Amino acid sequence: MSGDHSHNEDQIDCGSRVNDSHKHKDKYKEKEHKHKDHKKDKERDRSKHGNSDHKHKDKEREKDKMKHKDGSADKYKDKHKEKRKEEKIKLEDGKVKKENGFASPQHVKSEPEDDFYLPPKHEKSLKRERDDDVDYDIKPKKIKTQNDKKPKKRKLEEDTKSKKTKNKKGEVTEGKKKAKNEPEDKWKWWEEERYTDGVKWKFLEHKGPVFAPQYEPLPSHVKFYYDGKPMKLSPEAEEVATFFAKMLDHEYTTKDIFRKNFFKDWRKEMSTDEKAKITDLKKCNFTEMSEYFKAQSEARKAMSKEEKLKIKAENERILQEYGFCIMDNHKERIANFRIEPPGLFRGRGDHPKMGMLKRRIRPQDIIINCSKDSKYPEPPPGTKWKEVRHDNKVTWLVSWTENIQGSIKYIMLNPSSRIKGEKDWQKYETARRLKKCVDRIRNQYREDFKSKEMKIRQRAVALYFIDKLALRAGNEKEEGETADTVGCCSLRVEHINLHPENEGQEYVVEFDFLGKDSIRYYNKVPVEKRVFKNLQLFMENKEPDDDLFDRLNTSILNKHLQELMDGLTAKVFRTYNASITLQQQLKELTNADENVPAKILSYNRANRAVAILCNHQRAPPKTFEKSMQNLQTKIDAKRDQLSDARRELKSAKADAKIRKDEKSRKAVETKKKAVQRIEEQLMKLEVQATDREENKQIALGTSKLNYLDPRISVAWCKKNGIPVEKIYNKTQREKFAWAIDMADEDYEF
DNA sequence: GTATGTGACTCAGAAATTTGTAC
DNA sequence: CGTACAAATTTCTGAGTCACATA
């Protein structure tokens, strides 16, 4: 979870901001202030005219007709300019060093051929495509009994037969996979009617959250030292100290912001005496504590089988008790029924709050959501919930407010649940509706490149980026509260470079910014001339840290999109472009004559094209080089084996020619088979190596799980005779059960 | 009306854990 | 059989998107 990206060569190491130790003071006031100024400035700018184009020999005269910014920097930004400048320098440093940075290859955009205009019809209607008249009986009380038999089923889904064979015995050990599992008819919620009125459920019953285990004080021989001298800490202070100790090996315990935030919060937990004594984090020695935890984890690994099984069984029991809820007659799996334990906050990237104490959540922090007529979850003895409410317009079971950002956290259902699945399905249906009108929308925004109104031009260019490059919308963020990252609408001038000519291409825009999770987006793309000219215009008289699209935000953009198509938002473009790219790449890359591994390589490559489009990166696995080497060793061995086998085949053939008897002919056949088998194995290994190498820094999971209409993949499997297990593991098959059930091989996104 | 804040939900990669496999 | 290690899967929780409430 933590964002230690420093080991990723190709990502910018934003490093810690060394000199901003005072930054957080009064941030609230400051922030508010900033924002006001900002808005005012935008307002003011709007009323001004572009009379300040000095030096501009720009031929595009029409821009004179347009209002545009006078180049004064927004005040709120001025305040932060210094900081950003510093960062920028760092960024550039990084850039230089990391010239080999990840560059998203050209987006292979498939243009859907059909383009008929469909009036934005209301689609909130949760109409399902196939209507089975399965009645949706809502009889809350019944549910339980009805579901009593289900407990068993859910946990250990019958898996592929291959797995079963492993479990040959079929013993019913608790926490073990049961071998035989009555196929138990699974609930096909996708064949049922959906709620249409914002109601999410009629009945909801659950057992509440599982709290983090209580803190166990350290044994007395494990000491903390201050200024070289052992010091016994109060339990409160000690607990927080252990959080730090457990992270000692991690890089961010060396970062200034992390240390400063930690120390500040730690001191809050200290007794008066401790507070007086412990004044310098540098004098704190946690190593003995750290060693102790390492030893503990070693001990855990070395536990006997029985002990391990016992723990497993206990976890299973908790899962059975708390891991499921009953929603509308069905037992459903809960995603995160365990409350986040206390610890030190680790933001991603250069987060101003890293190191802060994430406090322990108690029952009185918890809001329970369930139906009135359900059996309410019990708070632990002697405690009370903050509130029990019955809001069936939301999907969460439990919520609490987290203390770092003040945001709300939720316990919700598993992706395999009806409530998540329906929404997921709907998402792809919206994307498919976009497919039907995307040409109209593209023509529209290309027209808008020429608009007289600056606002509309900016909107058009932003939309062009979102569509062409699958950028995220880019909401504004509160400065100082989070890492400095941007999306499309929040791009700043410093994030792009314009090259009228670059490497033989015209009108190239070079993007370099940190996006979600502080993942670097670096890309050079040729754009339409009009886009290029517009960008020049938008950047006129601006400072590097001014907004590129100063007249635009996500709200304006999404309002516009909503008018173009019902349910259309910026992120629908990402879904649409991801899915259509997969479909088109699969078509292009799959060769019907190839064998299964080769086809799967094609699938992975199609998946990879999408991951690259969406900029889904990962840090190369620590063991990457080594594992490639191992694989290469295997390949070499296999090659040797192959040439041996071939040699043997040859001699067998020669032998058979001379002897001409049945036996030697048989021997030839055997050898031939052997050669073939080895060839196949070698091929498989080579494919694997290719796949792995190409995947070094690319994360396929996110797109597979969140952007690719699963029906495309299912259809591809069916058409190519690939078992769906080859591309979706068990969890994924559960999540996409609806798609696996409904898509046939002719499915078209 | 607009700007801002809030809530609910999706999506994100790393870390932890489990499983598979070669010896 | 165990053992060691790598690969696969699951868990974790932070970071976005976006609608809507509120001032």
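Order of the sequence lines sets the chain letters (A, B, ...), proteins ahead of strands, with each chain counted from 1. As the structure is a computational prediction, the values presented were derived from the model and not from experiment.
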> Touch check for A/K308, heavy atoms < 4.0 angstrom, all strands: base, sugar-phosphate only, or nothing?
Replying inline: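 Here A/K308 touches no strand at all.
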
[options]: which one has an atom nearest the side-chain heavy atoms of [X]?
X      : options               : answer
A/V394 : B/dC9, C/dT10, B/dA12 : B/dC9
A/K409 : C/dG14, B/dC9, B/dC11 : C/dG14
A/K622 : B/dG13, B/dA15, B/dA8 : B/dA15
A/M412 : B/dA8, B/dG13, B/dC11 : B/dA8
A/Y707 : B/dA22, B/dC11, C/dT9 : B/dC11

If you restrict it to nitrogen or oxygen atoms, what contacts under 3.5 Å exist between nucleotides 4-6 of chain C and the protein, and what is each distance?
| from | atom 1 | to | atom 2 | distance (Å) |
| --- | --- | --- | --- | --- |
| C/dA6 | OP1 | A/K626 | NZ | 2.5 |

> Which residues pass the salt bridge (charged side-chain N to carboxylate O under 4.0 Å, His left out) test with A/D391, sequence neighbours left out?
Replying inline: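 Here no residue qualifies.
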
>> Please report the interatomic distance CZ(A/R360) to CG(A/L357), rounded to the nearest 0.5 Å.
In response: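 Result: 10.5 Å between the selected atoms.
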
> Thinking salt bridges, do A/K634 and A/E686 make one under a 4.0 Å N-O criterion?
Replying inline: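 A/E686 and A/K634: not salt-bridged.
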
> Stepwise, does the side-chain hydrogen bond (donor to acceptor under 3.5 Å, both in side chains) test hold for A/S490 with A/E476?
Replying inline: CA-CA 6 Å; A/S490 50; A/E476 294 115 301; over 6 Å; no

>> Take a 6.0 Å sphere around NZ of A/K638 and say whether it holds more than 12 heavy atoms from other residues, nucleotides or ligands.
In response: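 Yes - once you tally the heavy atoms of other residues, nucleotides and ligands closer than 6.0 Å, there are more than 12.
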
> Rounding to a whole Å, what distance do you find between A/E316:CD and C/dT10:P?
Replying inline: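 So the two atoms are 14 Å apart, to the nearest Å.
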
